[in-house]
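Below is one structure, written out as structure tokens, with a few remarks after it.
The sequence lines fix the lettering, A, B, ..., with proteins before strands; numbering per chain opens at 1. Given the structure is predicted, the values throughout are model-derived calculations rather than measurements.
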There are 2 protein chains.
Amino acid sequence: MAGGEPQARTAGRRPRLTDVAQEAGVSIATASRALSGAPGVSESMAERVREVAASVGYVANLHARTLAGGPTSVVGLVVHEIGDPYFAEIASGVLGVAAVEGLTVQICHSGRDPEAELTQIRTLIANGVGAIIVAGSGFVDSAVRAKVTGTLRSYLADGGRVAVIGRHHLAVDTVQPDNDAGGHAIVEHVVGLGHRRIGIITGSRTLTTIHDRLGGMGRALQSVGLDLASTPIVEGVFTREGGKVAAAELLRRAPDLTAIVALNDDMAIGALSVLRDRGIRVPEQISVTGFDDVAVAQDLAPSLTTVRLPMGDMGRQALQLALSPPAKRPRRRRARAELIARDSTAPPMRSGRSAD
Amino acid sequence: MAGGEPQARTAGRRPRLTDVAQEAGVSIATASRALSGAPGVSESMAERVREVAASVGYVANLHARTLAGGPTSVVGLVVHEIGDPYFAEIASGVLGVAAVEGLTVQICHSGRDPEAELTQIRTLIANGVGAIIVAGSGFVDSAVRAKVTGTLRSYLADGGRVAVIGRHHLAVDTVQPDNDAGGHAIVEHVVGLGHRRIGIITGSRTLTTIHDRLGGMGRALQSVGLDLASTPIVEGVFTREGGKVAAAELLRRAPDLTAIVALNDDMAIGALSVLRDRGIRVPEQISVTGFDDVAVAQDLAPSLTTVRLPMGDMGRQALQLALSPPAKRPRRRRARAELIARDSTAPPMRSGRSAD
DNA sequence: TCCTTGAACGTAAGCGCTTACGTAACCGCT
DNA sequence: AGCGGTTACGTAAGCGCTTACGTTCAAGGA
């Protein structure tokens, strides 16, 4: 392929640094320095080494490099469930900047299991990743939570870099969607349309995210003399199916609702399907809202009024945060939560919903 | 650093094999064998070592282990775009079995760029992953394609394991959705309803997947005396937006269509939105079909008739294939493509679509 | 002229593990 | 008793890199 000789290197063996050094007529130390841009090599020599490396197709062995104390080039990403569009889009953002930075990323998903998440994080650390990004609302459950915090802390102390997305209370860099503002905005929108009999479908209250969204929603309710305590709330799983179950329960408990506010889009989609099955028209008879603005929200019929969270951006920011030189104090980046009003909300009917 | 000491290991330092060996009073070789389950250690000794390891929280250093020739525990996954539900679900399947097998996975996405894909694969190899899974239709473009094939071949020769999803023609293990059968089924369904004026929205014809789907569709058309050549076909990008553009173009070229067959769900969704904007009712005036059965297909209004591909399963199968002992001849696993008839298809109107 | 100095490069010591090989103890056999 | 064959363990040689420390040499100051 290159060189004056028949076959410079045996077929099927990856060239090592030694090969490059030999071919370039230098020591392996010099070759290493030249390729990593370390000082102590003349520019002409460095150039020569680089050429040889390119010509033989040399790629450094990651494990050897890392073991020897070189810079690490893989980052870890922990999500709840990669099949979920919310996390898939975050991952997409992370992969995007990783590609630019020449990094590769190891992804784990916990299946929403706190214990599993802890294990994943430990595995990533054992794998020697240089940075870890944890996405997804933290679990309020204090036992595991403390362990996660502890693990990340000692990882930080060992020189690791950490950024979390969508959770707080940890002494690490954070990218946080403005859940409180989002919750406020969506309820403000709904009450602004005139709704007063509002039902809420929430995800697990053990998630910090939910806590924050409910907080903002409570404030918005208070501005019109309502509050969370007197509002029917059903807690469901964060999935379409969970939304169905919760919507049914909500309608049973409060048949005269004029609006259903779901705390994520998947559950809102489930609610829509229940309403459709029962022949209840949206938004004429009931308004429905979601949260997140996953890609399909706009394609539903009716298209879904929701709160847009910039998932891809959050992923990008998180990695950039993790990659930038560590600050003394943990940094916080807020991601704007933006109300997206579509066709699933409208003013309530004059006389309330007919009780058919 | 260590010795008869006050503190067995300094706080903040990960315990190494040496620490475990010392604590257990054995040599590091024995400790290694005990922990990796290699023969040559008495069961009682092995048990003792394992206890010590657990008590000090020992986790093997991945890089050292791999460098020294131990088993590799990371696999690579290359997809077109992780934010795309199709790939996200495949990834979910892969991560699922990886977790069970104690593996971690590095994910790269190429952004549908053949060159980038090649680079990603090379990076993964350089990173020393033990297996590589490439998902997503192959590019027909022969130049890059040959390079990918070559790279994977030499990786295989070096003892790597490879499985591909949704592409063929490579001398590696393959999980292939039955695109041909799927294409046949969906068109059979449509012509079975009585449609004869059918338009097709395809993705890039440079993808092998598309080639296969069209093949099956062609056969189904022939069974009722039609063929692809006389069928209006518009080629679009594999996205919702691409579907919109293509649908508009299709309606312009053939205003009297009674059915639109899109080659993936995203494009079908785009088509639906164009039809809705124009006040054309689906399925009364036009039937629409998709392909893939992404999660939301059932939540659209009307819900989408499509072909279900078991993405998660395909991911699982691919990793299992890659993990199983290599066979002499490349293995093929077929994933069933199943017609899912929903509400977006119906018999054509008697008189054809009114030309409003 | 000698010595200092620094740039440029080489030597070699690991990083934390796996494993080929060596060794000691012990078994059963002739 | 002496021998080969196991079994159970220890010793040490790397895996392919990075980097602290040496070495060499040319330039410059006294």
Side-chain angles (χ1 to χ4, degrees), chain A residues 9-10 13-50 52-53 56-74 125-130 158-159, chain B residues 1-2 9-10 13-50 52-53 56-74 125-130 158-159:
Chain A
R9 60 196 173 85
T10 332
R13 216 193 78 241
R14 265 177 64 190
R16 293 161 310 169
L17 188 53
T18 318
D19 301 319
V20 175
Q22 197 163 5
E23 186 110 348
V26 299
S27 75
I28 120 172
T30 301
S32 171
R33 283 189 277 255
L35 294 175
S36 67
V41 195
S42 66
E43 184 45 42
S44 60
M45 183 85 273
E47 179 61 23
R48 167 127 145 260
V49 172
R50 261 171 278 157
V52 172
V56 300
Y58 171 77
V59 188
N61 178 310
L62 174 76
H63 301 295
R65 163 172 289 187
T66 310
L67 223 214
T72 151
S73 67
V74 8
I125 294 177
N127 284 8
V129 302
D158 285 1
Chain B
M1 179 186 296
R9 60 193 177 85
T10 331
R13 214 194 79 240
R14 266 178 62 190
R16 293 162 308 170
L17 190 52
T18 318
D19 301 320
V20 175
Q22 198 164 5
E23 187 109 349
V26 299
S27 74
I28 123 171
T30 301
S32 171
R33 283 189 277 255
L35 294 175
S36 67
V41 195
S42 65
E43 183 44 42
S44 61
M45 184 85 274
E47 180 59 23
R48 168 129 143 258
V49 172
R50 262 172 277 154
V52 172
V56 301
Y58 171 76
V59 188
N61 178 310
L62 175 76
H63 301 294
R65 164 171 289 184
T66 309
L67 222 212
T72 151
S73 66
V74 8
I125 295 177
N127 284 7
V129 301
D158 285 0

Whichever of Thr66(B) and Ala31(B) has the more 5' nearest nucleotide on DNA chain D, that residue is Ala31(B)
Round to a whole Å and report the spacing from [atom1] of [X] to [atom2] of [N].
{"X": "Leu67(A)", "N": "dA13(C)", "atom1": "CG", "atom2": "C1'", "result": "14 Å"}
{"X": "His63(B)", "N": "dT18(C)", "atom1": "NE2", "atom2": "P", "result": "14 Å"}
{"X": "Glu43(A)", "N": "dA8(C)", "atom1": "CD", "atom2": "C1'", "result": "13 Å"}
{"X": "Leu17(B)", "N": "dC17(C)", "atom1": "CG", "atom2": "C1'", "result": "7 Å"}
{"X": "Met45(A)", "N": "dA8(C)", "atom1": "CE", "atom2": "C1'", "result": "11 Å"}
{"X": "Gln22(A)", "N": "dG16(D)", "atom1": "CD", "atom2": "P", "result": "14 Å"}
{"X": "Arg16(A)", "N": "dG14(D)", "atom1": "CZ", "atom2": "P", "result": "12 Å"}
{"X": "Leu62(B)", "N": "dC15(D)", "atom1": "CG", "atom2": "C1'", "result": "14 Å"}

Donor-acceptor pair, His63(A) side chain versus Asn127(B) backbone, under 3.5 Å?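 Yes: the side chain of His63(A) pairs with the backbone of Asn127(B).
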Which heavy atom of Asp19(B) sits nearest to which heavy atom of Arg14(B), and what is that distance?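 Looks like OD2-O, 4.3 Å.
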Please evaluate residues Leu17(B) and Leu35(B) with respect to the criterion side chain to side chain contact (heavy atoms under 4.5 Å, CB included), reporting the C-alpha separation (whole Å), side-chain torsions for both, the decisive distance (0.1 Å), and the verdict. CA-CA 10 Å; Leu17(B) 190 52; Leu35(B) 294 175; 3.8 Å; yes
Which nucleotide in the set [options] lies at the smallest distance from any side-chain heavy atom of [X]?
{"X": "Ala68(B)", "options": "dT11(C), dC17(C), dC9(D)", "result": "dC17(C)"}
{"X": "Arg33(B)", "options": "dG16(D), dT18(D), dT19(C)", "result": "dT19(C)"}
{"X": "Ser27(A)", "options": "dC17(C), dT11(C), dT19(C)", "result": "dT11(C)"}
{"X": "Asn61(B)", "options": "dG10(C), dT18(D), dG16(C)", "result": "dG16(C)"}
{"X": "Tyr58(B)", "options": "dG10(D), dG16(C), dC17(C)", "result": "dC17(C)"}

Here's a test of your reading of the structure: between Ile28(A) and Val41(A), which maps to the more 5' nucleotide of DNA chain C? Val41(A)
Check whether any side-chain heavy atom of Val74(A) sits under 4.5 Å from a side-chain heavy atom of Val74(B), and report yes or no. no
Quick check: do Val26(A) and Val41(A) have side-chain heavy atoms less than 4.5 Å from each other?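 They are not in contact (no side-chain heavy atoms under 4.5 Å apart), so the answer is no.
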Do Arg14(A) side-chain and dG16(D) base share a donor-acceptor contact under 3.5 Å?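 When only heavy-atom distances are counted, Arg14(A) does not reach the base of dG16(D) through any donor-acceptor pair under 3.5 Å.
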By the 4.0 Å heavy-atom rule, please label Gly69(A) as base, sugar-phosphate, or nothing. sugar-phosphate
Contact class for Ala60(B) vs. all strands (heavy atom < 4.0 Å): base, sugar-phosphate, or nothing? sugar-phosphate
Say you draw a straight line from CD1 of Ile125(A) to CG of Asn61(B); how long is it, rounded to the nearest 0.5 Å? 13.0 Å
Between [X] and [N], is there a side-chain N or O to OP1/OP2 distance below 4.0 Å?
{"X": "Ser42(B)", "N": "dC9(D)", "value": "yes"}
{"X": "Thr30(B)", "N": "dG10(D)", "value": "yes"}
{"X": "Ser32(A)", "N": "dC17(D)", "value": "no"}

